[in-house]
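In what follows, a single structure is set out as structure tokens and then discussed.
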Amino acid sequence: LSCDETTRMVEKNVSLLYNTLFDVPRKDTYYLNLLLMKPLGEDSGLVKFEDGSIRSAPLKTLVGMFLNGEGISLDPNFDSSILLAIPTLFQPLDLLQKLIMCFCSTMPIQYDSNENVLLNEKNIEKNRRRLVTLVKKWIFFYPDQVMSKRFSILMNQFLKTVELYGMKEEEESMFPFFDNVPEPLLPKDLTKFTFIDLSPVEVARQITLLDSSLFAGLNIDEFINCAWMSKSPNVAPSIKAITKQFNHISNWVMAHILNTSLIETRAQTISNFIDIAAECVKLKNYNGMMQVIGSLSKTEVYRLSRSWALVPKEKLAILEELKNLLQSNCKGLREKFEKAEPPCLPYLGTYLTDLVMIGEMKDKIDGKINYKKLQLQEKSLEQLFKRSDDGTLRFALKEVHEIKKFIKDSSKIFETDKKALEKSYELEPRELKQGVGITLVKPKSSPKLMQGKGFAKRKSGTRKQNKNETAEREVKLKR
């Protein structure tokens with residue numbers, strides 16, 4: 001076929017796909033194509049700061065700059081800022097449909113300086129690639145929508161159209177696969193094992209898989225207007241699920257330490273958990289690291305001085321390095337996460353705190369959208385939603401069902417903090433320091449039954465003498 005005949009055939013097939021996919025007339029996409037192709041005019045209503053950055057703009061202008069890519073020239077993170085704001089404007093899948101409508105409609109609209117339409121194959125190709133880029137970014141920001149039926153229909157037709165246009169490279173880059181997945185480090189008997197039998201490396205891997213499955217479900221709208229603070233279980237469900245699992249892992253760590261009777265084994269358990277936290281950092285799962293470090297810092301565990309004394313010094317040095325990351329509002333942890341290549345998982349708490357502060361800013365300035373708020377919101381959430389090129393949080397790890405089940409088991413977790421503290425005192429009774437170098441171990445008997453000098457029942461003496469002696473005893477105890 002000649003070039004013209006091939007082009008007409010492609011246009012015809014795309015037109016059939018378009019009419020099948022969208023039950024709307026082509027004129028409805030004309031407006032979107034105008035925004036996609038038309039340069040930004042003086043009547044756009046765009047307001048800038050003195051340094052040239054965007055302050056505010058009408059919605060129509062922002063959408064146009066998003067489609068044609070002009071926003072990136074003013075702000076490198078413009079696309080991300082708009083994508084993060086999508087839930088406040090319209091449904092994410094509606095945006096995806098509009099992007100694909102633009103791509104499938106193939107309306108070759110371009111403008112010269114006199115506002116005349118020009119048919120330029122080079123520009124048409126450029127705009128198609130721009131739309132493919134925006135679709136990829138959409139997948140990056142809304143991975144939770146990928147499993148929906150509507151997404152499957154849209155993407156199926158979109159990929160067919162991409163193929164018809166001869167953009168094979170773009171099609172293949174949508175969903176890459178993993179190579180070189182490490183083999184799991186398994187105990188000798190997977191049917192019967194204890195915590196000590198497990199490799200700290202493999203435990204960290206399985207915790208990472210558990211965490212990533214929840215982080216992958218995060219939706220942008222869960223972070224808008226502090227939605228996670230709602231008491232309704234149906235609002236911000238992923239954030240609440242992450243919080244629930246965070247507490248479970250922390251309590252699971254504490255339970256395995258306190259339920260270990262032998263002090264030597266207990267010290268080994270603490271050492272292994274330090275290794276697990278360090279391995280989580282290597283895996284770039286900073287949420288997993290915080291789950292373990294937070295548990296080791298709890299009073300019920302931290303007070304076990306005799307057990308900690310048996311932990312090797314090199315392990316304690318590693319723990320100290322990890323704790324240093326949490327100083328100054330987790331400054332070190334933030335920097336480490338920002339430099340990490342995806343896939344990686346953040347400690348959610350730091351970013352939720354930032355978003356609370358940003359949420360207090362005004363939504364509009366003089367009736368126009370406050371773009372500065374969107375920019376700050378994007379800056380905070382950009383790192384939070386760091387994902388691989390395919391828009392997922394998939395780690396190159398193999399799932400070990402038995403170990404994941406072992407981690408999720410809550411049978412040994414204490415029902416209350418009070419019971420956990422009681423168990424801690426049972427393992428290592430409270431020590432009271434009196435004077436210099438003198439340690440008194442708390443007796444098992446009740447204080448009411450304590451006998452001895454100064455506490456025995458007196459048979460004689462006046463009430464005044466008894467009061468004076470009681471006062472003297474109190475002074476001595478204070479000393």
Indicate every side-chain donor-acceptor pair of residues 289-297 with a distance under 3.5 Å to a residue at least two apart or in another chain.
unit_1: Q291; atom_1: OE1; unit_2: N287; atom_2: ND2; d: 3.2
unit_1: S295; atom_1: OG; unit_2: S250; atom_2: O; d: 2.7
unit_1: S295; atom_1: OG; unit_2: M254; atom_2: N; d: 3.2
unit_1: S297; atom_1: OG; unit_2: I293; atom_2: O; d: 2.9

- Message: Under a 3.5 Å distance rule, please check whether S380 uses its side chain to pair with a backbone N or O of L376 as donor and acceptor.
- Response: no
- Task: Answer yes or no: is there a donor N or O on one side and an acceptor on the other, between the side chain of S212 and the main chain of L209, under 3.5 Å?
- Result: yes
- In this structure, CG of L325 is separated from CG of L333 (nearest 0.5 Å) by 6.0 Å
- Query: What are the two closest heavy atoms between G288 and C280, and how far apart are they?
  - Reply: C-SG, 3.9 Å
- Query: Within a reach of under 6.0 Å around CD of E314, are more than 12 heavy atoms found that belong to other residues, nucleotides or ligands?
  - Reply: yes
- Message: Are the side chains of V253 and K298 in contact, using a 4.5 Å heavy-atom criterion?
- Response: no
- Which residues pass the side chain to side chain contact (heavy atoms under 4.5 Å, CB included) test with D363, sequence neighbours left out? K373
- Message: Do W308 and I270 have side chains that approach each other closer than 4.5 Å (heavy atoms only, starting at C-beta)?
- Response: yes
- Message: Using a 6.0 Å cut-off, check whether atom CZ of F49 has over 12 heavy atoms from anything other than its own residue.
- Response: yes
- Message: Between S328 (side chain only) and K331 (backbone N and O only), is there a donor and an acceptor less than 3.5 Å apart?
- Response: no
- Under the 3.5 angstrom rule, does the side chain of Q206 hit a backbone N or O of K398 as a donor-acceptor pair? yes
- Sub-4.5 Å side-chain heavy-atom contact between I358 and K372: no
- Message: Give me the atom names and distance for the closest heavy-atom approach of L62 to F78.
- Response: O-CZ, 3.7 Å
- With a 4.5 Å heavy-atom cut-off, do Y371 and V47 have their side chains touching? no
- Message: Could you go through L326 and Y347, starting from their C-alpha distance and side-chain angles, then the distance that decides it, and tell me whether this counts as side-chain contact (heavy atoms from CB on, under 4.5 Å)?
- Response: CA-CA 11 Å; L326 311 181; Y347 169 50; over 6 Å; no
Let me check something: any side-chain donor-acceptor pairs from residues 230-242 under 3.5 Å, sequence neighbours excluded? List them with distances.
unit_1: S230; atom_1: OG; unit_2: S232; atom_2: N; d: 3.2
unit_1: S232; atom_1: OG; unit_2: N234; atom_2: N; d: 3.3
unit_1: S238; atom_1: OG; unit_2: G217; atom_2: O; d: 2.9
unit_1: S238; atom_1: OG; unit_2: E222; atom_2: OE2; d: 3.3
unit_1: K240; atom_1: NZ; unit_2: S230; atom_2: O; d: 2.6
unit_1: K240; atom_1: NZ; unit_2: S232; atom_2: O; d: 2.3
unit_1: K240; atom_1: NZ; unit_2: V235; atom_2: O; d: 3.1

- Message: With a 4.5 Å cut-off on side-chain heavy atoms, are L214 and L210 touching?
- Response: no
Ignoring hydrogens and angles, write down the donor-acceptor pairs under 3.5 Å from the side chains of residues 272-279, residues two or more places apart or on other chains.
unit_1: N272; atom_1: OD1; unit_2: Q268; atom_2: NE2; d: 2.8
unit_1: D275; atom_1: OD1; unit_2: K315; atom_2: NZ; d: 2.9
unit_1: D275; atom_1: OD2; unit_2: K315; atom_2: NZ; d: 2.8

- Query: Given C344 and F337, is the side-chain contact (heavy atoms from CB on, under 4.5 Å) satisfied, shown in steps?
  - Reply: CA-CA 8 Å; C344 47; F337 177 70; 3.5 Å; yes
- Applying salt bridge (charged side-chain N to carboxylate O under 4.0 Å, His left out), which residue pairs with at least one partner in residues 342-356 are found, sequence neighbours left out? R334-D354
- Between CG on residue D79 and OG1 on residue T133, distance to nearest 0.5 Å: 9.0 Å
- Within the distance-only criterion (no hydrogens, no angle test), does the side chain of D409 pair as donor or acceptor with the backbone N or O of S411 below 3.5 angstrom? yes
- Message: Can you tell me how far apart CG (L421) and NZ (K419) are? Round to the nearest 0.5 Å.
- Response: 13.5 Å
- Take atom NZ in K368; do more than 12 heavy atoms of anything else shown fall under 6.0 Å from it? yes
- Item | Y351 vs P346 side-chain heavy atoms within contact, under 4.5 Å | yes
- Message: To check you understand the geometry: which heavy-atom pair defines the closest contact between M65 and L74, and what is its length?
- Response: CE-CD1, 3.6 Å
- Query: Which of these passes side-chain contact (heavy atoms from CB on, under 4.5 Å) with V400: R205, K405, E202?
  - Reply: E202
- Message: Measuring only between side-chain heavy atoms, which start at C-beta, is S56 closer than 4.5 Å to D366?
- Response: no
- Note on the structure: Hits for side chain to side chain donor-acceptor pair (under 3.5 Å) against E300, two or more places apart or cross-chain, chain-then-number order -> none
- Task: Answer yes or no: is there a side-chain heavy-atom contact under 4.5 Å between S424 and L304?
- Result: yes
- Item | Interatomic distance, S410 atom OG to E415 atom CD [nearest 0.5 angstrom] | 10.5 Å
- Answer yes or no: is there an ion pair linking K323 with E320, defined by an N-O contact shorter than 4.0 Å? no
- CD1-CG distance between I54 and D75, expressed to the nearest 0.5 angstrom: 6.0 Å
- Message: I need the minimum non-hydrogen distance between W228 and L352, along with the two atoms involved.
- Response: CZ2-O, 3.5 Å
- Stepwise, does the side-chain contact (heavy atoms from CB on, under 4.5 Å) test hold for I413 with W252? CA-CA 6 Å; I413 292 178; W252 178 80; 4.2 Å; yes
- Mind running side-chain contact (heavy atoms from CB on, under 4.5 Å) on F246 and D211 for me, showing each step along the way? CA-CA 9 Å; F246 188 101; D211 288 345; over 6 Å; no
- Determine whether the aromatic ring centres of F406 and H256 lie less than 6.0 Å apart. yes
- Note on the structure: Rounded to the nearest 0.5 Å, the CD atom of Q245 sits from the CD1 atom of I407 at a distance of 9.0 Å
- Of all heavy-atom pairs between A255 and F414, which one has the smallest distance, and what is that distance? CA-CE1, 4.0 Å
